[in-house]
Amino acid sequence: MQKVGGFMAGMVVPNIGAFIAWGLITALFMPRGWFPNEQLAKLVDPMILNLLPILVAYTGGRLVHGPRGGLVGAVGTMGMAAGSNIPMFIGAMAMGPLGGWLIRRFDERFGRRVPAGFEMLVNNFSAGILGMILAIAGYSVAGPFVASLTAALAAGARKITTAGYLPFIAFFIEPGKVLFINNAINHGVLAPLGVAEAKQAGKSIFFLLEPNPGQGLGLLCAYWLFGKGTTRTTAPGALIIHFFGGIHELYFPFVLMNPVTLAAMIAGGFAAAAVFAATDAGLPATFSPGSIFTAIALAPKGELVRILAGIAAGAMVTFLVAAPIVKRAPAPEAGAEQFRFATEPAAPAATALAPTAAIVFVCEAGMGSSVIGAGVLRRKLEAARLDVPVTHAALSELSRDAGIVVCQRSLAARVAEIAPRARVYAVDDYINSPAYEQIVRDLLPPPSR
Amino acid sequence: MSIAADVIHVLLGREPASREDAIGMIGEFMVARGDVTPRYVEGMWEKEARHGTWLTEGVALPHGTGEVKKEIRRSSLVVLQMPKGVDWGGKTVYLAFGVAGRGDNEHLRLLSSLAAVLVSKELVERMIHATDPQEVMAILSGEGGA
């Protein structure tokens, strides 16, 4: 379970910068943004629909099988992006690793049988053909998938409201938002209900539910205070764009990287809706973008306090539930052997490393486990006919220029600190570790042997 | 590469109450033979408490810290077989290899040879179930079909 969580974070975290770029562009240039600009606003849709899911898919595929895996995953995801009208992040997070895994299977099975001289040709065509198949499959699956998901969540939301258990609507709104069908829910379900109600009462609670920025604020505060590594440092920036700019999409990746936090979003949404309902709060029209400023500006006289109370309740409850979840999540950097790929520049694994780089096996004292581990790894490399020296060292002796480091999982974070450029592989078991096979795979140049 | 037979000592069918106890058995044996001083055994406990020496499924590798290296008089590899298993920091261990290698080179040779044996699950199984010390000896000194 933790491994899956770490893997999802590994797909999302390296791409948060792109989310921020998109968020800034959107907050600045959209029609009701800070500096509306029709031309530059044309960036908004292609970026969120295509660029961001494809980046996530590429990263996911690369975690599984290097740049080739990333490529196939990205091409497959393009099919899904073209086949749907919402950003396909869930699809990308499935298609990316799937594409990587399929091409890895292919390489494992046929890679060594290719006659000399044909490697490039086979490599490119295998990736190309597999990518094409996945893109077509993605295209034909994405549309119906999104439609049925949207329909299901919308039907659920509608049922809740007619049954009168309004706060429970959070169970449909919050997951829907993170799946990027927030607009479908807001404009397709909530807005019509709100318009009908506002006609009679002059205001409606339905306009408050989806655009409420409170829950996102709570989540990002939790990451800001308790997150680790990149997530901690990017949370405040995302928070500003989300809470003041009203671009909620900025917090979605923080949920996707650790889906357990969805519980916090639902709890916050529930609390906010309960406060809105109890105080009989409402707005005359839906507010968009969902920023704190729009909420304040649209609030009728006498409503402001109630609305702010609901937003605050959403933020508080989300924060309280999310804080322990975020705190307990493993730091992505210390996560796993494959993990480093995500945060490293796209150095083509095989060629850049090949025969010159040495491997250092590190343990606390450099006396026991690392010597054994180095011995085992040496045998595996010999068996694969890789002429790579393996040395062993105590953590305190590790050079900051080390290229490839193998260590016990608990030391991975410290190794990364000492040797920031090193490719780190973590092991639990010194004798039978999947990391050894991974190292051999990464060192074998795929096309030319 | 093989381990010299006179370095290997096999203790079969032991039932230590804890991993500390297991290390005590190994240490006592090494000290009684004059291979290490009592200070080395303290180093083994220290190492265990600080980082643990679990190695792989069913196997641990107790050894001293860097500070007590010079307490080794003679290279020694004590194999402690515990058929009932003992809890080794949350994992069950059936074989503990107490290691004391005199001098860096010998220490390395000892451990590398040991690694070569431990990669074979079959040999590890055989050592766990061995009833004759000679069988373990043979496996470790490279005569057991490794």
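Residue numbers start from 1 in every chain, and the chains themselves are labelled A, B, ... in the order their sequence lines are given, proteins ahead of strands.
- Other residues, nucleotides and ligands contribute only 12 or fewer heavy atoms inside 6.0 Å of the CD atom of E28(B).
- L55(B) places a side-chain heavy atom less than 4.5 Å from the side chain of I372(A).
- In this structure, no portion of V99(B) lies under 4.5 Å from any heavy atom of chain A.
- Around CZ of R74(B), the count of heavy atoms belonging to other residues, nucleotides or ligands within 6.0 Å exceeds 12.
- The two residues S112(B) and R378(A) come nearest to each other via the heavy atoms OG-NH1, 4.5 Å.
- The OH atom of Y430(A) sits 10.0 Å away from atom CG of L61(B), with the distance rounded to the nearest 0.5 Å.
- Under the side-chain contact (heavy atoms from CB on, under 4.5 Å) test applied with T56(B), the options D428(A), V376(A), N432(A) reduce to a single match, N432(A).
- Of the two parts of K121(B), only the side chain, counted from C-beta on, holds a non-hydrogen atom closer than 4.5 Å to a non-hydrogen atom of chain A.
- Within the model, atoms NE2 of H51(B) and CG of L395(A) stand 9.0 Å from one another, a figure rounded to the nearest 0.5 Å.
- For the residue pair R379(A) and V119(B), the shortest heavy atom distance occurs at NE-CG2, 3.9 Å.
- Contacts of T65(B) with chain A are made by backbone atoms alone, with heavy-atom separations under 4.5 Å and no side-chain atom involved.
- Within a 6.0 Å radius of CD in E46(B), other residues, nucleotides and ligands contribute more than 12 heavy atoms.
- Taking 4.5 Å as the limit, some side-chain heavy atom of H392(A) sits within range of a side-chain heavy atom of L108(B).
- In the displayed structure, R105(A) atom CZ is contacted under 6.0 Å by at most 12 heavy atoms of other residues, nucleotides or ligands.
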